[in-house]
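Notes for the one structure printed next.
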Amino acid sequence: MNRIQMIHRKPARQPDATHPFGVRAAQEALAFHRSMPGYCETPLFSLRALARALGVASIHVKDESQRFDLNAFKVLGGSFCISRILAERFDLPKADFAALTQPELRAAIRGITFVTATDGNHGRGVAWTANRLGCSCVVYMPRGSACERLENICALGADAAITDMNYDDTVRFARAQAQKNGWVLVQDTAWDGYTEIPARIMQGYTTMGCEIAAQLGGLRPTHIFLQAGVGAMAGAMADFFMDLYRGAPPVITVVEPLNADCIFRTAAAGDGRLHSVGGDLRTIMAGLACGEPCSIGWEMLARSAQNYVSMPDYVAANGMRILACPLDGDPRIVSGESGASGFGFAAEVLRNPELSQMKAKLGLNAQSRLLCISTEGATDRANYRSVVWDGAYAK
């Protein structure tokens, strides 16, 4: 099967529910990130010409390729989480960057090792943070990871290697190595007994939400498209926007690769259990090639998201090409395979008459205001050129 599938699921909303990744939590994360040297909010672009061409009121795309010169949003989660771990370990009143880089802490921090599993972006963010703080860092990557992504992580001083396992088995390997060596595992997926660290990572992601809200001003999006691997980013951002726009919540749609659609399968089953995908998880959307959902991420999505999509690679590839070759007056956005996936789906539904029923079910019309997050730039430049220049992964 090589077609787009979508299911609609009524969110299990609770009017009096708390929002662990809501506005207050996001403001705390933003305050920390503002304390970091080099912090600058990433741009939110309005694609006015494309919106007119596709028959909607507006399309906004958040461009995370400009985040701390790391080409992806993931550093927001890793840096915030590591700062909280260290602040608690050294009994600091708050976790700002200046407090963590005091000379008297350097020797103690140097003896701490953080370990993670990654397809590239998360590991690069963890390695970058460890490098800035003087910690050690070990990174394991699943088979098939791009050499460029490995080299970028090694350049930050991390001990990094590509394994012969898929992503989820690589996570298990990193977990075992942490237990064996006394390292601190920094992973954005959760399981029984391991929830505090992934929750902190998810909170770090919500800095994007604070920035977006300020950049939009009074404009409220009617539709938000979020991509999911384990579902941590999607879950955190969905919870943030449910809190921010609780009076008029947007329609939230979650997209995944066809061969790694664990969130889609969990939503489709509707039995209260998490559902996994095994095997090689082959997809160009490497950042989303995860077979086991994050329990916290799913909890947030289950009460926030209405639509779940499983889609083939050509949808993301088309999104990359559209963003790279904008209509007159619109900005050019360099978006990687995972980064363009949410936008790619939205564009496909609006452009493809064969998906008119899907468009109607999503409620997309001339009054719709769309928000997408390009979560990464060209983190594998060879593959980016193959897609954008040579037309790889066409429909």
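Excluded from the calculations below are hydrogen atoms, water molecules and symmetry mates; all remaining heavy atoms, backbone and side chain alike, are included.
Note: the hydrophobic cluster containing Leu258 does not contain Val277 (ILVMFWY, side chain heavy atoms under 4.5 Å, direct or indirect links). Both Met208 and Tyr39 are assigned to one and the same hydrophobic cluster, defined by single-linkage of ILVMFWY side chains at heavy-atom distances under 4.5 Å.
Residues Asp243 and Arg24 are not paired through a salt bridge, judged by the lack of any N-O separation under 4.0 Å between the basic side chain and the carboxylate.
Arg67 meets the salt bridge (charged side-chain N to carboxylate O under 4.0 Å, His left out) test with Glu64, Glu211; sequence neighbours excluded.
Applying the side-chain hydrogen bond (donor to acceptor under 3.5 Å, both in side chains) test to every pair with at least one member in residues 214-235, sequence neighbours left out, gives these pairs: Glu41-Gln215, Lys62-Gln215, Gln227-Thr375.
Side chain to side chain, Ser335 and Ser374 meet the donor-acceptor criterion of an N or O pair below 3.5 Å. The closest side-chain donor-acceptor pair between Asn383 and Glu337 falls under 3.5 angstrom. In this structure, a donor-acceptor pair under 3.5 Å is absent between the side chains of Ser145 and Asp119. Residues Arg149 and Asn152 bring no donor and acceptor atom of their side chains to less than 3.5 Å of each other.
As a member of the Ile/Leu/Val/Met/Phe/Trp/Tyr network built from side-chain separations under 4.5 Å, Phe21 groups with Met202, Ile296, Met300.
Taking the six-membered ring wherever Trp is involved, the centroid distance between the rings of Tyr393 and Tyr314 does not fall below 6.0 Å. Taking the six-membered ring wherever Trp is involved, the centroid distance between the rings of Phe114 and Trp183 does not fall below 6.0 Å. In summary, the aromatic rings of Tyr205 and Phe73 are positioned with their centroids under 6.0 Å apart.
More than 12 heavy atoms of other residues, nucleotides or ligands sit less than 6.0 Å from atom CZ of Arg172. Within a 6.0 Å radius of CD in Gln179, more than 12 heavy atoms belonging to other residues, nucleotides or ligands are found.
The two residues Phe80 and Arg200 have their closest heavy-atom pair at CD2-O, 3.3 Å. Residues Gly22 and Asp239 approach most closely at N-OD2, 3.6 Å, considering heavy atoms. Nearest heavy-atom pair, Asp261 versus Ser310, reported as atom, atom and distance to 0.1 Å: OD2-OG, 2.8 Å.
Note on ring orientation: taking the six-membered ring where Trp is involved, the planes of Phe173 and Tyr140 are perpendicular (angle over 60°, cut-offs 30° and 60°).
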